[in-house]
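Remarks on the structure that follows.
We're numbering straight along the sequence, starting at 1. Heavy atoms only: backbone and side chains are in, while hydrogens, waters and symmetry mates are out.
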Amino acid sequence: THREFTDAATQLAAALTRRGIGPESVVGVQLPRSTDQILALHSVIRAGGAFLPIDPAEPADRLGHILEVAAPDLVITDTVLAELRADKGVAAATTPPGPDTAAYVLFTSGSTGTPKRAMLTRGALVASATATHDRIGAGTWLLPLPPHHIAGTQVIVRSIVSGTTPTVLDAWSLEGFTKATGLVARNAPPFSPIHTSLVPTQLRDLLDGDDETHTRALAAARRYRSILVGGSATPRALLERAREGELKSEGMVPGALQVSPTGQPTLFLADHPVTGGYPVIGVVVTADIGRAAQAQPGQLLRFVLEGSTHHG
């Protein structure tokens, strides 16, 4: 639960501060994709430090370069995580981190040579995550990318900003994506949209193929309100439009309840536009349209299915 996660992250953060971790400290997190990995990343942030996600399968020469350049103050492995969990002491006094202190350190893929170090401040990280949250609205996220990938880190932070629970995909595969999508949809709050973030190679996996596995994966992809694609160059072929021009708007009837990309519903009443371009999730019965028109700004409305016994 959120309470259990918060309690565990707070305890680990306190243990980290007792080891001298604070603002400007760099802490490597060398754990497999799991709830422990997400918990460790949160704990470093809470302690005031900057996390450095490290792939446990990193080649030795690349790992050596990362550790030499980043010079982390601590690397959290399974063994170190167990030690931190055993430390139940109170947090040591530290200087609160500011918006210009480091939030995380990442290394590029090294496709053009030696991997390069990149750092993002807390202020920039929160601003980026907040901007994305404001643009596409609230929702629950699927994390198909590891935290040592920039897009994976952004998904984790978006979940922190929106207060939702990310679902972590152990490893990328179409079958895993389809199964995880069903899990995310089932566990998401009622009427809450779901989002995910893919790199271009994963998007290509979804689009290149017509067998049953691809068909199921594409059906799963259509359940997402937003699929963000980035993290590396996107081939032009993936961005070709299936058709030109604008999609045709559809006629709206009085009482239509339309949901925009922000997730905010709009109820079409007497002065509504004659057409609309967003999904309609329901229509208020004619007898109740007058009552809905009397609602005051900010008033909470509850919609129930016609014929339901749960009226309120």
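Under the 3.5 Å distance criterion, the side-chain polar atoms of H214 are matched with a main-chain donor or acceptor of D205. Using a distance-only test at 3.5 Å, with no hydrogens or angles considered, a donor-acceptor pair links the side chain of Q202 to the main chain of V199. A distance-only check finds a donor-acceptor pair linking the side chain of T17 to the backbone of A92 [under 3.5 Å]. For the pair Q258 (side chain) and T266 (backbone), a donor-acceptor distance under 3.5 Å is absent.
Between A221 and I227 the shortest heavy-atom distance is O-CD1, 3.7 Å. V105 and P53 make their closest contact through O-CD, 3.4 Å (heavy atoms, listed as atom of the first residue, atom of the second, distance). Among all heavy-atom pairs drawn from S43 and A13, the shortest one is O-CB, 3.5 Å. Heavy-atom minimum distance, H42 versus A9: CB-CB, 4.4 Å. G89 approaches A14 most closely through the heavy-atom pair O-CB, 3.9 Å.
Contacts of A8 classified as side chain to side chain contact (heavy atoms under 4.5 Å, CB included), with partners at least two apart in sequence or in another chain: L39. Taking A15 as the reference, Q11, L84, D87 meet the side chain to side chain contact (heavy atoms under 4.5 Å, CB included) condition, with sequence neighbours excluded. Remark: A118 pairs with no residue by the side chain to side chain contact (heavy atoms under 4.5 Å, CB included) rule, at least two apart or across chains. Applying the salt bridge (charged side-chain N to carboxylate O under 4.0 Å, His left out) rule to R122 yields no partners; only residues at least two apart in sequence or on another chain are considered.
By the 6.0 Å contact criterion, CD on Q299 is enclosed, its count of non-hydrogen atoms from other residues, nucleotides or ligands being greater than 12.
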For T6 and R3, what are the C-alpha separation, side-chain angles and deciding distance, and is it a side chain to side chain contact (heavy atoms under 4.5 Å, CB included)?
-> CA-CA 5 Å; T6 299; R3 181 183 297 277; 5.8 Å; no
Can I76 and F51 be said to form a side chain to side chain contact (heavy atoms under 4.5 Å, CB included), step by step?
-> CA-CA 10 Å; I76 300 178; F51 61 77; over 6 Å; no
Pair Y104-V44, side chain to side chain contact (heavy atoms under 4.5 Å, CB included): steps then yes or no = CA-CA 9 Å; Y104 72 79; V44 174; over 6 Å; no
Starting from the C-alpha separation in whole Å, work towards a yes-or-no answer on side chain to side chain contact (heavy atoms under 4.5 Å, CB included) for V284 and L257.
-> CA-CA 7 Å; V284 175; L257 186 61; 5.6 Å; no
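Proximity of F107 to V69: side-chain heavy atoms (C-beta onward) are separated by under 4.5 Å at one or more points. For the pair V27 and P72, the minimum side-chain heavy-atom distance is 4.5 Å or more. When side chains are defined from C-beta on, L81 counts as touching L12, because their heavy atoms get closer than 4.5 Å. For the pair P99 and T121, the minimum side-chain heavy-atom distance is 4.5 Å or more.
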Side-chain donor-acceptor contacts of residues 176-186 below 3.5 Å, not counting sequence neighbours, with atom names and distances?
residue : atom : partner : partner atom : Å
T178    : OG1  : L174    : O            : 2.9
T181    : OG1  : F177    : O            : 2.7
T181    : OG1  : Y224    : OH           : 2.7
R186    : NH1  : G182    : O            : 3.4

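Pairs of residues two or more places apart, or lying in two chains, that qualify as side-chain hydrogen bond (donor to acceptor under 3.5 Å, both in side chains) and include a residue from residues 76-85 are R19-E83, D36-R85.
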